[in-house]
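Computed over heavy atoms, backbone and side chain alike; hydrogens, waters and symmetry mates excluded.
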Amino acid sequence: MTSSGLTPLGVTDRLFFERAEAALDRAAAERTVGTALAGAEDGELFLEYRESEQIGLDDGRIRSAGFDTAVGFGLRAVSGEATGYAHAAELSDAALQRAAASVGAVAAGRSGIFAEPPRPTNSRLYSDANPLSAMDFSARTALLGEIDAYARGKDPRVKQVMASLAGEWQAVQIMRPDGTRVADLRPLVRLNVSLVVEAGGRRETGTYGTGGRFAYDRITASDVWRGAVDEALRQALVNLDSRPAPAGEMEVVLGSGWPGILLHEAIGHGLEGDFNRKKTSAFAGLMGQRIASPGVTVIDDGTLADRRGSLSVDDEGTPTNRTVLIEDGVLTGYLQDRLNARLMGVRPTGNGRRQSFAHAPMPRMTNTVMLAGPHSPEEMIRSVRRGLYAVNFGGGQVDITSGKFVFSANEAYLIEDGKVTAPVKGATLIGNGPDALTKVSMVGNDMALDPGIGTCGKNGQGVPVGVGQPTLKLAGLTVGGTAA
């Protein structure tokens, strides 16, 4: 389904109240929501319709293909710190009434003042059109075949090609008991390419992905998918020549763009409102204090057009914002949903997000970015006598309370006497988020965003996010390696 010239509110009205398959009466739903949330301090009815698909090729054949349509609602009532939440994978007055009976118990006997609704901006950060209806399924499968042929033709060392296309279109409407209704139509697509190369009995892998909130044509253009294959092949061939990584404390230079995932995990989560309200974050109680080196400025910006982590409105109906978290090394803000903002006496920042109608919202990042500084990447490399240049990252883990993290670098090089030398394999970065912020000694002038591949997990919920940073030099990080 596409917008057909209708506003997002008009499209979602058709999906939730006017389709033959939808048995939800809008007027009755408004009455039910009003009754269920009487006496509560906040809450909403979250309605969702989602179409999603995934097509995967492996070794020259389509190995997986799936399409799914999901529809449902989540009803939330908030009173003090207590939240009542009920959801159903159907749209019916009977299901909504059962949900209302459940969540209403949270506010029973209370007479709270209901919070004001979000203030609209009418900003649209992406197209309303459904990307799944803009390109035939046969054309998508044919494209994956072209990717396979192109990759194998590039280099005889390519032994396996894995490629996938994924897309979704999400339509949401948020209804509040004061009559406020907010709607959003959200496209999302992604291309991923992974190659296995072999030489001299050794096999290595390279991977590259790209995507965002737009139609398939932005990632299926020949220059885009060929570029994805070329980058995956480059990474794989670098890994073929890699040696075991050294271990020990050393200077580390982080590349621009996707290495911002370390910033996201090791620092960003610790700046979310719920962890700080409950004082379980390493950054709790430090507002206005210096927590990072001078020159370090970190923002969370959900207003970047077409980016994977961007939203016109969050999942509570609040417009997203550009929130400054750290300014010149000083802690200036947290990421807030409505509940935690109210309890902390501040304004929501548009960071209330949920995986689907089956989940209650919580404060989450959108696009978390460190801003550029004055130094060139070449200047940073020249300043290092012995260290590690980490260009790309794989997985990682972080403990929110302590800030301790471990991240694996899937593309890294030695720096010796101011020059990038041999590629290394098996390097991990080990440290503490708050401590790492104070070890940033140089900030690059080459800030870049990731190519549109991030998904963030928190409390069992996954949401699309973006990261970004310039090249950074950190003094004295612990590197775990496999060299004898």
Side-chain angles (χ1 to χ4, degrees), residues 29-48 72-89 94-119 172-182 269-281 283-285 287 313-318 334-365 400-401 456-463:
E30 290 176 335
R31 289 193 299 271
T32 301
V33 171
T35 300
L37 303 188
E41 293 171 272
D42 208 350
E44 72 286 310
L45 174 65
F46 180 84
L47 299 160
E48 178 186 16
F73 71 83
L75 180 63
R76 180 177 66 146
V78 180
S79 184
E81 296 186 26
T83 296
Y85 196 76
H87 63 89
L96 182 56
Q97 288 167 5
R98 289 194 298 271
S102 298
V103 305
V106 168
R110 303 196 182 195
S111 56
I113 298 175
F114 206 82
E116 292 184 0
R119 297 179 181 179
V172 303
Q173 184 175 132
I174 299 151
M175 179 186 293
R176 292 170 58 81
D178 57 9
T180 302
R181 295 190 301 135
V182 179
H269 279 299
L271 298 177
E272 292 168 339
D274 50 354
F275 296 128
N276 287 279
R277 178 178 66 82
K278 298 173 185 177
K279 303 189 184 305
T280 57
S281 166
F283 298 103
M287 187 64 68
V313 294
D314 71 4
D315 293 324
E316 299 177 305
T318 305
Y334 297 129
L335 301 175
Q336 301 287 5
D337 62 349
R338 290 177 61 87
L339 183 152
N340 289 281
R342 176 174 52 81
L343 294 173
M344 296 178 74
V346 296
R347 296 185 63 84
T349 58
N351 290 90
R353 306 190 63 187
R354 63 183 102 200
Q355 178 174 307
S356 73
F357 65 84
H359 304 84
M362 68 179 86
R364 305 291 299 272
M365 285 171 275
I400 300 300
T401 302
C456 171
K458 177 182 175 180
N459 293 350
Q461 294 191 42
V463 296

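- Residues passing the side chain to side chain donor-acceptor pair (under 3.5 Å) test with His87: none are found, sequence neighbours excluded.
- Taking all atoms of both residues into account, the shortest heavy-atom contact from Thr349 to Gln336 is OG1-N, 2.8 Å.
- For Ala95, the side chain to side chain contact (heavy atoms under 4.5 Å, CB included) partners at least two apart in sequence or on another chain are Phe73, Ala88, Glu90, Ser92, Arg98.
- Here the CZ-OH distance, from Phe283 to Tyr334, works out to 9.0 Å after rounding to the nearest 0.5 Å.
- Between atom CG of residue Leu335 and atom CZ of residue Phe275 there is a gap of 11.0 Å, rounded to the nearest 0.5 Å.
- Annotation: side chain to side chain contact (heavy atoms under 4.5 Å, CB included) contacts of Val103 (sequence neighbours excluded): Ala36, Leu75, Ala77, Ala86.
- For the pair Asp274 and Lys458, the salt-bridge criterion is met [side-chain N within less than 4.0 Å of a carboxylate O].
- For Pro118, the side chain to side chain contact (heavy atoms under 4.5 Å, CB included) partners two or more places apart in sequence, or in a different chain, are Arg176, Thr318, Pro319, Arg338.
- Taking the side chain as every heavy atom from C-beta outward, Thr83 and Arg76 approach each other to under 4.5 Å.
- Side-chain contact between Leu45 and Thr32 is absent, with no heavy atoms from C-beta onward closer than 4.5 Å.
- Among residues two or more places apart in sequence or in another chain, the side chain to side chain contact (heavy atoms under 4.5 Å, CB included) test is passed with Ser356 by Glu48, Arg50, Ala358, His359.
- Listed by first then second residue, pairs satisfying salt bridge (charged side-chain N to carboxylate O under 4.0 Å, His left out) with a partner in residues 340-361 read Glu41-Arg342, Glu44-Arg354, not counting sequence neighbours.
- Arg364 places none of its side-chain heavy atoms less than 4.5 Å from the side chain of Asn459.
- Side chains of Glu316 and Asp337 form a contact here, defined as non-hydrogen atoms less than 4.5 Å apart.
- Within the 3.5 Å criterion, the main-chain N or O of Gly270 finds a donor-acceptor partner in the side chain of Ser281.
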